[in-house]
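Read the numbers this way: they start at 1 and go in the same order the structure lists the ligands and their atoms. Values in this document were obtained by computation on a predicted structure and should not be read as measured data.
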Amino acid sequence: MVINFKCRECGRIFDCDVGTVTMPEDSHRPSFEKQIICPKCGQRSMDDVFLTELGQSQLTQATLCFEAEDIFDSEDDELSGFGFYEGECQGCDIFTRLNDLGLCEECAGKVDRDLIRQRDWGYSALAFGCPESKREELRNEIIARYGEKLELMAPKKDAQKRPKKKRKSKRKKSGRKR
Ligand SMILES: [Zn+2]
Ligand SMILES: [Zn+2]
């Protein structure tokens, strides 16, 4: 069968016919009948390649009895830092791969934008490495694109502590006096 790989050495994505895929009983890795050959680097071992998303589904379909993700490092994990563990997202309760804060990718993005909206630069991944002079620019950009309202985080508590009811009644009284 043909499986889609990405070479760790040269970064090339290629299809490779690996022949029959079998699952040896004494191993947690599948074994391929033929070698993995990168068009540029030649023969590659399983440790020398990534399984692309396409390759993962190809391999899972072929074997069905094991999780392809357990065998190869997924390229996505390395790039985004996601996939530390699976669980329920703190933000939306979806069961998925989470980052180190227990958030899914989407909620992590929301939190990051919220941090920037609240000017919590130090905690934001987006603002990380952004020069101080550009921070407001970044914030304006995010507000222009996603709006000013916080998406996931609760507004800072001291803003909510105002005793709203008392204020209203005071206003009413003063209104009557006038
Ligand atoms: Zn290569
Ligand atoms: Zn989420």
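Within the 4.5 Å cutoff, no side-chain heavy atoms of Cys16 are placed close to those of Ile3.
Angle subtended at the Zn ion (ligand 2) by Cys104 SG and Cys107 SG: 110°, rounded to 10 degrees. Draw a line from the Zn ion (ligand 2) to SG of Cys89 and another to SG of Cys92, and the angle between them is 110° (to 10°). Take the Zn ion (ligand 1) as the corner point: the lines to SG of Cys10 and to SG of Cys41 open at 110°, to the nearest 10 degrees.
The distance from the CD1 atom of Ile36 to the SG atom of Cys41 is 12.5 Å, given to the nearest 0.5 Å.
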* Starting from the C-alpha separation in whole Å, work towards a yes-or-no answer on side chain to side chain contact (heavy atoms under 4.5 Å, CB included) for Leu59 and Phe32. => CA-CA 11 Å; Leu59 198 54; Phe32 300 148; 3.9 Å; yes
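Under a 4.5 Å side-chain heavy-atom cut-off, the cluster of Ile, Leu, Val, Met, Phe, Trp and Tyr residues that includes Ile116 is completed by Trp121, Leu126, Leu138, Ile142, Tyr146.
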